[in-house]
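A short write-up of the structure that comes next.
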Amino acid sequence: MSTPAETSAREDFAREAALIGVLVLMQVMVTSGIAYEAPETEPRDALAYVLLVIGPLGLFLRRVDAALPVLVSLLSLGVYLVLGYPFGPVVLSFAFSLIIAQLDGRRLVAWTATALFVGFLVAALTWRFGQPMEQDKVVGISSIMVVVTVVSEQVRVRRESARQRERAQAEEALRVAGDGRLQLARDLHDVLAHSLSVINVQAGVALHLLGDREQVESSLNVIRTTSRDTLSEIRGTLNSLRGETEAPTAPTASLKDLGRLVRAARDAGVTTTTEVELGGRELPARVDIAAYRIVQEALTNVTKHSTARRAKVGIRLDENVLVVRVSDEGRARTLDQDRSGAGHGIHGMRERATELGGSLNAGQRRYGGFVVEARLPLGDGS
């Protein structure tokens, strides 16, 4: 069974053969008619018909090199005219070969062949060799060949411009798709890192307090709630990745859900206070979700890498910039641990900020503890 590519190739060849067949018929039959009406020209013989057929058949050579049809048709046309055979649509195959060469990018070949043909006609008019030609006929045919070459060049330029636009659009689509996958990967990292940290802490508490039924029950409830919410968010993210749902037009999480992060941190043993000063201003969706994820990751780092029992989240507007600050007073869990380089958290937060044209700084505080501060521009459309 033929593949679609093989079927398409056969169809292309069939169309090409049909066109060449029409050219052969036109050059032979119309030229024969002209010769019948002009008995002063050389008699029609086998060589004349061979030359009339060679030009069109040479068009098949474009599959080897687009310059070959030009060479074949130009030589057969030149010999035909020099021998004084009747003039007519014999130039058709040459015109088609010029078009093929131009569209294939062989511009030098096409323009050189056009110049040689025009020069040949001028020479024939000047020195009177071959078939006698009138000046207006020479000018007309030369003009037609030049116009064919120029128009073919314009078509080639437009086709190339269209290809470049298509390539640019394809590259842009790939870039957008790549950015989307990167964003999904970050969301998955933030969700998993935060939620699994809470689950890990609560499981440890449950194991430590097996004798205290009330404390164990509370820890297990936190584990159940956190795992349920995490699974729901991951399911939505993966559905978007598979294309089963449309891309969300609003943030999947926002600063309006800040209380959820505070409760999770508290359940993990870190009392968290918040100060939010937005003045009632609505945040752009991208800024809102980025700020939420930065706070989420920063609090996750506090619970995973610090001995802190208190943390503070500050969110405020500085003109057209959203400032997000998360700080704690704890030290790293081990003396040789550098919290600023732990995992991919800091790197991911910094990428979120820089994608919005902002910045993020994270490091040890002068009097102990750790601070993460991000500055996220709201943009002109906010």
Side-chain angles (χ1 to χ4, degrees), residues 2-31 47-83 85 87-124 130 138 140-171:
S2 300
T3 64
E6 292 173 344
T7 302
S8 177
R10 283 198 299 268
E11 291 175 351
D12 289 343
F13 183 80
R15 286 192 291 267
E16 183 178 347
L19 174 61
I20 291 175
V22 171
L23 284 176
V24 170
L25 289 176
M26 287 184 64
Q27 293 198 169
V28 171
M29 297 181 66
V30 176
T31 305
L47 179 57
Y49 288 114
V50 169
L51 292 173
L52 288 173
V53 172
I54 284 178
L57 292 182
L59 297 178
F60 280 119
L61 296 176
R62 75 173 185 85
R63 297 175 178 272
V64 179
D65 192 319
L68 292 179
V70 178
L71 179 62
V72 171
S73 60
L74 180 61
L75 289 176
S76 63
L77 177 58
V79 173
Y80 183 92
L81 295 179
V82 167
L83 294 178
Y85 293 124
F87 198 82
V90 65
V91 297
L92 284 177
S93 58
F94 179 60
F96 272 94
S97 71
L98 293 178
I99 296 173
I100 291 172
Q102 283 280 39
L103 297 183
D104 198 57
R106 304 303 295 272
R107 301 171 63 242
L108 180 60
V109 172
W111 281 105
T112 302
T114 303
L116 289 174
F117 179 68
V118 172
F120 173 83
L121 293 181
V122 172
V138 170
I141 296 173
S142 300
S143 300
I144 290 174
M145 290 299 103
V146 173
V147 168
V148 167
T149 309
V150 171
V151 172
S152 300
E153 171 68 8
Q154 293 299 317
V155 173
R156 184 196 66 82
V157 170
R158 291 187 178 182
R159 286 178 60 180
E160 184 61 28
S161 298
R163 290 194 192 100
Q164 290 178 355
R165 287 195 298 270
E166 290 175 359
R167 284 196 294 266
Q169 292 172 355
E171 291 173 357

Spacing of CG belonging to Leu59 relative to CG belonging to Leu19, to within rounding of 0.5 Å: 7.5 Å
Tightest non-hydrogen contact, residues Pro69 and Ser73, listed as O-OG, 2.7 Å
Apply the test side chain to side chain contact (heavy atoms under 4.5 Å, CB included) to residues Val53 and Gln27: give CA-CA distance (whole Å), side-chain angles for both, the deciding distance (0.1 Å), then the verdict. CA-CA 8 Å; Val53 172; Gln27 293 198 169; over 6 Å; no
Please report the closest heavy-atom contact between Val70 and Ser97, naming both atoms and the distance. CG2-O, 3.3 Å
Is Asp104 salt-bridged to Arg156, cutoff N-O under 4.0 Å? no
Here the gap from Ile20 atom CD1 to Arg62 atom CZ, rounded to the nearest 0.5 Å, amounts to 8.0 Å
Rounded to the nearest 0.5 Å, what separates atom CZ in Arg15 from atom CZ in Arg10? 12.5 Å
Could you tell me whether Arg167 and Glu160 have a side-chain N and a carboxylate O separated by less than 4.0 Å? yes
Within a strict 4.5 Å, meaning less than it, do heavy atoms of the Val91 and Phe117 side chains meet? yes
What closest approach, in Å, do Leu98 and Ala113 show between heavy atoms, and which atom pair accounts for it? CD2-CB, 4.0 Å
Of all the heavy-atom pairs spanning Phe94 and Thr114, show the shortest one and how long it is. CZ-N, 4.4 Å
Salt bridge or not for Arg163 and Glu166, using N-O below 4.0 Å? no
Measure the spacing between CG of Leu68 and CZ of Arg63 and express it to the nearest 0.5 Å. 13.5 Å
Side-chain touch Phe120/Val82, heavy atoms, less than 4.5 angstrom: yes
Checking Tyr80 against Val50 for the side chain to side chain contact (heavy atoms under 4.5 Å, CB included) test, could you report, in this order, the C-alpha distance in whole Å, the side-chain angles of both residues, the deciding distance, and whether it holds? CA-CA 10 Å; Tyr80 183 92; Val50 169; over 6 Å; no
I need the Met29 CE to Leu52 CG distance, nearest 0.5 Å. 12.5 Å
What's the shortest heavy-atom distance between Arg159 and Leu103, and which atoms? NH1-CD1, 3.3 Å
For the student: nearest non-hydrogen atoms of Ile54 and Ser76, plus distance: CG2-CB, 4.1 Å
Without hydrogens or angle criteria, can the side chains of Thr149 and Gln102 be said to hold a donor-acceptor pair below 3.5 Å? no
Determine the sole option in Leu25, Leu23, Val22, Leu92 for which the side chain to side chain contact (heavy atoms under 4.5 Å, CB included) test with Pro56 is passed. Leu23
